Amino acid sequence: MRLGAVVDLTSAQSATKFTVQQSVVLHRASMTSNCVCCQHACNLQAARPFQASTKHPRCTSKFQCFAVQAAHNKNETLRQGVTKHAFAALLALSLSANPAFVASVAAAPAVPSASLEASSSTDSSDNTTPIYFGNGCFWGRQKDFVDVEKALGREGGKISAITGYAGGAKGAGPGDKVCYYYGAKPTQYEELGHAEVVQMELRGETAQTRRQMEAFADTYFGQFRKTPFGMMRLDPQDSGPAYRNVIGIPRGVDSPLFQVLKEKNKNGMELVPSDGNDFERGKAKDTDQINVVYIVDSDKLPFYRAEQYHQFHNGIGKAFSKEYTVDLKRALANNGRIGPTGCPEVRF
């Protein structure tokens, strides 16, 4: 299920600026045939109570309905902002009603100049192994892994953590594209079976790469909280196969890196081998399950870099430093690690 927004559709189609009540998480409920608004996966699993701050509006079509969940924990009240998906729903309505706005988005200015110096090379070693981790929205997860890389001594253009899409059995869509929801439907990452992930590089010889993998795995498994039903990720409001827990390593469970994952899996999550997510009659093979992490072969299921606006973004309800959102982003754009993907770019 993707996140949506509870808005007045009539007024949204006639305006390009919207305000959404702060500290509210908005999500689209399951696409059931009778459009029954569910109370969200985390509620169904009794991890947290559902608290509606507004009435559920009627379905806009037989495949869509909207629900709203109040700030899901009194100690985790969201600060100034809405989720990227709530914004996406608002923006999509605006774009459909105001073509002129599309041109203004396309002409968005470049990122301001950076204070960090971009390195001409991301590492002195040619021995690199890409891996990727996914569990929910990739915005906050990228920041966590950048912090790990900094602790490993990587700075500026040597950072490797970038957001993207992976784990889908279909690979890329038409034009070799994998896009966010603003792309044509056949190119949208969820349609292709992918999940939001962050890719990093292991660098150096075996002993070095093992220590790096241990650091990344420690951080990954620390991104879950305990519930009576197992380990749940930090942002359960983002739900559905596009946000499932997935790790991509070369050779999958046959990789020596898999042993590191088993050692760092301190809360006993189920590590499930997968050959990639696909849909059969609209149902995902690799579903979004609590306490489950899918392990895939990253050689067979490669990483597709996300659009530039998804790189080094603020977290959901949490602003990161300018050094991260501007300077570091600029450094990696300068060395070519991030850049245009052929998918629509939206500045927000």
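No experiment lies behind these values; they were computed from the predicted model shown.
Note on E307 versus K177: no salt bridge recorded, every NZ/NE/NH1/NH2 to OD/OE distance being 4.0 Å or above. Checked for salt-bridge contact, D235 and R233 meet the test: a charged N lies under 4.0 Å from a carboxylate O.
V178 and G173 get closest at one heavy-atom pair: CG2-N, 4.4 Å. The two residues F303 and I162 make their nearest non-hydrogen contact at CZ-O, 3.7 Å. For the residue pair L261 and A217, the shortest heavy atom distance occurs at CD2-CB, 4.0 Å. L202 approaches Q212 most closely through the heavy-atom pair CA-OE1, 3.2 Å. Contact detail for N277 and A284: the closest heavy-atom pair is OD1-CB, 3.6 Å.
Put simply, CG on N291 and OG1 on T227 are 7.5 Å apart, with the number rounded to the nearest 0.5 Å. From N267, atom CG reaches atom CE of M231 across 4.0 Å, with rounding to the nearest 0.5 Å. Rounded to the nearest 0.5 Å, atoms OG1 (T341) and CG (D176) are 11.0 Å apart. Separation of atoms CG (D275) and CG (D286) is listed at 7.5 Å; rounding is to 0.5 Å. Once rounded to the nearest 0.5 Å, the distance linking CD of E201 with CD of E149 reads 8.0 Å.
Ring centroid separation for the pair Y165 and Y304 does not come in under the 6.0 Å cut-off. Taking the six-membered ring for Trp and the full ring otherwise, Y189 and Y181 have centroids separated by under 6.0 Å.
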* When you look at D288 and S239, which way does the side-chain hydrogen bond (donor to acceptor under 3.5 Å, both in side chains) test go after all the steps? -> CA-CA 7 Å; D288 183 15; S239 51; 4.9 Å; no
